[in-house]
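Here is how names work: the chains are called A, B, and so on, in the same order as the sequence lines, proteins then strands, and each is numbered from 1.
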2 protein chains.
Amino acid sequence: METQQREQRRPYGRRRRRSPEQARNEILDAAERRLAAGGPEAIRLKEIAADAGMSHPTLLHHFGSRQGLVEALAQRTMRGLASDLLAAIHSPGPVASAPATLDRVFQILSEAGHARLLVWRVLAGWTQSGKSMEATLLGEVTKTLHARLTSLRHQRGLDPPSRDETAFTTLLAAFAIVGEAVVGSLVLNESELGISRPEFRDRLVRLVLDRLVGDAPGGADELVS
Amino acid sequence: METQQREQRRPYGRRRRRSPEQARNEILDAAERRLAAGGPEAIRLKEIAADAGMSHPTLLHHFGSRQGLVEALAQRTMRGLASDLLAAIHSPGPVASAPATLDRVFQILSEAGHARLLVWRVLAGWTQSGKSMEATLLGEVTKTLHARLTSLRHQRGLDPPSRDETAFTTLLAAFAIVGEAVVGSLVLNESELGISRPEFRDRLVRLVLDRLVGDAPGGADELVS
DNA sequence: GTCACTATCTACAGTAATGTCGATAGCGAA
DNA sequence: TTCGCTATCGACATTACTGTAGATAGTGAC
């Protein structure tokens with residue numbers, strides 16, 4: 001051992017002093033990268049600290065404990081996801097933009113690793129009791145969606161959509177997106193199923209639109225009946 | 001602490017000698033319970049050993065290493081899942097039994113914690129390269145399903161289903177089921193969405209049947225056109 | 001019964017991860 | 001400049017978990 005050159009080691013080298021906020025952000029960035037790259041077990045204080053260019057007691061100073069860091073990470077991620085999603089849905093636009101919006105949702109969830117973090121949280125069991133952020137987010141999405149759909153179909157002289165129907169379809173899409181984001185790589189890449197990831201997404205988008213706004217070809221009719 | 005009575009402890013107490021196969025099974029049972037209850041980080045050799053009523057070196061004797069145990073667990077789980085699924089699908093019966101079959105699938109995946117294990121495997125990244133068990137399983141399910149559907153619809157004078165359509169619907173159901181199994185508890189319990197887990201499952205089953213066999217009320221018509 | 005085989009045990013080694021402690025250095029304020 | 005605050009650091013304590021070693025005890029074969 002004794003890998004540290006005792007004589008040459010100058011005690012207390014140069015430090016970079018950050019604002020607490022920036023330090024927390026840099027730490028969370030590093031943790032997020034680790035998580036996305038290596039999975040749940042890849043959150044090691046020392047590794048994250050090295051990635052962020054600091055020593056691991058600094059992480060503990062800012063977050064109190066590993067658990068604190070992990071919860072902060074989850075919170076920040078969910079908050080970002082929520083604001084992204086709500087912004088995408090709130091943004092006004094023609095129905096034609098709906099596929100783009102849904103595509104955006106796909107990207108947000110799967111590419112950025114949000115789905116992984118979400119699922120990890122659930123698996124690890126450290127979801128705080130009470131109403132979860134996810135449930136709240138989904139409720140709000142459903143509500144917004146329902147309002148938009150109602151006005152949309154009103155323009156076309158259609159009845160307002162059933163609330164249950166909207167909720168179910170939203171849930172279905174959410175679950176399918178999460179499922180695809182997490183296990184999709186395992187199943188969709190070069191399988192003999194003959195369906196690629198973009199193709200699956202495309203079909204899912206069409207299905208959702210079909211069920212919700214009756215916009216897809218052949219879908220409008222059944223909505224009237 | 002000091003639960004072990006040091007003076008009364010007789011060295012080398014009674015042992016229960018199992019067959020290697022049974023030992024492996026008991027160990028895997030315990031590991032599966034731990035995993036389902038506590039998530040990925042809950043696989044501790046000593047805890048599992050205690051649950052199974054043995055000491056932890058015994059696990060190492062049978063599986064070589066923790067990784068070996070984990071892989072064996074994954075393999076057994078996927079094998080069981082596959083055989084259960086295929087059996088359920090292969091079993092002949094009227095279309096009326098389709099909902100029961102799908103319900104079975106739900107149970108297999110969510111109650112037994114298979115989905116958790118599956119997702120965990122993906123998150124942890126220790127999926128062997130090459131074609132995954134999951135892809136193979138899904139391919140087989142799709143193939144079998146397609147065959148059954150073809151004969152079923154033939155009886156009714158309908159065209160055989162499109163292969164892509166079957167594949168997509170199967171995928172959609174698979175993803176949705178995995179998603180529901182993993183994050184459903186977070187979102188569906190006492191949320192203001194107004195949809196309970198059984199209700200969601202029921203609707204999903206109807207949706208799948210509708211798309212695949214046109215069996216749900218109002219669904220048969222669109223299949224003819 | 002005797003014997004070989006091996007599943008199982010206790011005890012310990014080695015490693016690694018979280019968390020603590022006291023010292024230090026950057027930075028803004030007085 | 002000087003001072004105080006605290007973000008940061010090195011070193012260490014603690015704990016926990018995986019894996020090893022050698023001894024022991026079931027169990028079937030002969």
**Nucleotide dG26(D), atom C1' - distance to CD of Gln22(B) in whole Å** = 14 Å

**Request:** Just jot down the side chain to side chain donor-acceptor pair (under 3.5 Å) partners of Asp29(A), sequence neighbours excluded, or say none.
**Result:** Arg76(A)

**Prompt:** Closest approach of Phe175(B) and Val183(A), non-hydrogen atoms and distance?
**Reply:** CE2-CG2, 3.6 Å

**Request:** Quick one: list whatever passes salt bridge (charged side-chain N to carboxylate O under 4.0 Å, His left out) with Arg24(B), sequence neighbours left out.
**Result:** none

Compile the donor-acceptor pairs under 3.5 Å between side chains in residues 56-63 of chain A and protein atoms, sequence neighbours left out, one pair per line.
unit_1	atom_1	unit_2	atom_2	d
Thr58(A)	OG1	Ser55(A)	O	3.4

**Message:** Test of understanding: with side chain to side chain donor-acceptor pair (under 3.5 Å), list the residues that count as partners of Glu47(B), not counting sequence neighbours.
**Reply:** Arg34(B)

Atom pairs under 3.5 Å: protein N/O with N/O of nucleotides 3-7 of chain D:
unit_1	atom_1	unit_2	atom_2	d
dT6(D)	O2	Arg17(A)	NH1	3.1
dT6(D)	O2	Arg17(A)	NH2	3.1
dA7(D)	OP2	His61(A)	NE2	2.4

**Request:** Without swapping roles, check the side chain of Arg163(A) against the backbone of Pro161(A) for a donor-acceptor pair under 3.5 Å.
**Result:** no

**Message:** Within the 4.0 Å limit for protein heavy atoms, which parts of nucleotides 16-21 of chain D are touched? Write it as a string from 5' to 3', B for base, S for sugar-phosphate only, - for none.
**Reply:** -SBBB-

**Request:** Find the distance Arg34(A):CZ to dA17(C):C1' and express it as a whole number of Å.
**Result:** 14 Å

**Item:** Leu171(A) vs Arg203(B) side-chain heavy atoms within contact, under 4.5 Å
**Value:** no

**Prompt:** In whole angstrom, what separates Arg24(B)'s CZ from dT8(C)'s P?
**Reply:** 12 Å

**Message:** Check this for me: does any side-chain nitrogen of one of Arg66(A) and Glu71(A) sit under 4.0 Å from a carboxylate oxygen of the other?
**Reply:** no

